[in-house]
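In this chain, residues are counted from 1 in sequence order.
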Amino acid sequence: MITVNAVSLDDPQARALWDEQQDELAERYGEPDTAADFADHMGPRELIASFLATDAAGEPVGTALVRWSPYETGPGSAEIKRLYVRAAHRGNGYSRVIMGAIEKAAWHAGAVRLVLETGVEQPEALSLYRAIGYSDFERFGPYEGDPRSVCFSKELPTRVLVVNGSIGAGKTSVAEGAFDVLAARGARAAMIDGDFLCQAEPNVEGVPFNQDLLFANLAAVAPVYRSYGYGFMVIARVVEDPEDRARYAQAFAAAGMPGEVVIARVTAPESERKDRIVHRDLDPEWHQWGHARTVELEAVLSDLKLDDAVVSNSGRTPQETAEELLAAIGW
């Protein structure tokens with residue numbers, strides 16, 4: 001068994017394995033890789049993660065790296081580089097384990113696809129990538145026009161976080177906080193206040209809270225966000241219909257895959273929710289309606305149990321709540 005850990009770009013053990021890989025490739029192809037020094041020219045925000053795999057004794061056995069693609073492979077594309085397992089350790093499935101770590105890192109960065117290049121003299125690599133769901137992709141960057149190169153890609157589903165909560169619980173502020181946290185760590189993310197997409201009068205007849213309008217609008221804009229490479233979508237919106245999860249997944253479907261939907265609810269004590277309603281709007285009629293609705297809706301949401309996580313949004317900043325929420329859902 002191996003352990004795969006993230007390491008710095010200049011980690012000497014990982015770099016030593018890269019050199020071994022280049023020696024092997026030069027022997028197979030009869031010449032060195034012209035793009036072998038790519039890491040020395042990477043910008044500070046280009047790297048997503050570099051990994052080193054070690055065996056039970058702590059000896060380096062493999063490596064890989066994933067970065068934001070600098071080529072015309074589509075916004076939000078992450079490129080895999082330097083997948084390598086030492087010859088003495090091959091045949092144990094270690095490449096699959098390392099690829100799992102790479103794909104997880106790209107997922108956490110908000111990538112929408114993975115791309116990579118290998119070659120005709122690496123049949124074991126060709127078999128691996130096809131076996132784990134990669135498809136042939138047009139040659140890109142320095143590999144364009146090289147008949148020995150074979151490029152692959154794998155689409156990743158759009159990840160959708162719906163921040164649920166009663167009126168006054170702070171779902172919009174927490175959704176904004178979640179977006180800020182994701183953006184600060186360099187992830188490709190976007191945020192939508194779902195209420196804005198269904199504010200229309202008169203309401204759609206027979207459709208509570210204009211839900212059909214919401215999902216029609218989401219289905220229309222989802223491909224736009226995807227085309228710009230945003231793999232994370234954060235949406236603030238009450239979820240009180242068990243069918244909504246599937247409707248979000250369908251709205252953000254891409255590349256033949258439904259969106260991956262997580263619903264997380266924020267809560268706050270009734271008195272705190274009512275205070276926020278008063279501060280939100282000066283209209284006394286709104287206060288009366290909002291105070292009654294927040295009590296009713298909190299009970300409904302608690303009984304439905306549609307959420308993957310429930311986090312308190314009381315006595316702290318929305319960003320602090322957002323950080324706990326993202327940790328709770330594995331984002």
Q | Exercise: do T54 and T3 side chains pair donor with acceptor under 3.5 Å | A | no

Q: Could you check V266, N313, V311 and say which one makes a side-chain contact (heavy atoms from CB on, under 4.5 Å) with E324?
A: V311

Q.
Would you compute the distance between atom CZ of R265 and atom CD1 of I263 and round it to the nearest 0.5 angstrom?
A. 11.0 Å

Q.
Is it true that, when you exclude Q288 itself, more than 12 heavy atoms of the residues, nucleotides or ligands shown sit nearer than 6.0 Å to its CD?
A. no

Q: Among I102, L83, N5, find the one that has a side-chain contact (heavy atoms from CB on, under 4.5 Å) with F51.
A: I102

Q. Would you say the side-chain atoms of E260 and W107 include a donor-acceptor pair closer than 3.5 Å?
A. yes

Q) Quick check, are the ring centers of Y248 and F215 under 6.0 angstrom apart? A) yes

(Q) For a quick check under 3.5 Å, do R237 and Q211 share a side-chain donor-acceptor pair by atom type? (A) yes

(Q) Testing the 3.5 Å rule here: is there a donor-acceptor pair between the side chains of Y84 and E20? (A) yes

Q.
Is the distance from the ring center of W331 to that of F232 below 6.0 Å?
A. yes

Q: Consider only side-chain N and O atoms of S77 and R113, and report whether a donor and an acceptor are under 3.5 Å apart.
A: yes

Q. Around atom CD of E72, are there more than 12 heavy atoms of other residues, nucleotides or ligands at under 6.0 Å?
A. no

(Q) Just by distance, no angles: are the side chains of R139 and S149 close enough, under 3.5 Å, to form a donor-acceptor pair? (A) no

Q | NZ on K171 to OG on S166, rounded to 0.5 Å | A | 7.0 Å

Q.
Is the ring pair F140/Y143 parallel, tilted or perpendicular, if the boundaries are 30 and 60 degrees?
A. perpendicular

Q) So with a 6.0 Å cut-off around CD of Q250, is the heavy-atom count from everything else above 12? A) no

Q) Going through the distances and angles, do I235 and M191 end up as a side-chain contact (heavy atoms from CB on, under 4.5 Å)? A) CA-CA 6 Å; I235 300 171; M191 186 256 174; over 6 Å; no

Q.
Pairing donors with acceptors under 3.5 angstrom, does anything connect the side chains of Q122 and Y29?
A. yes

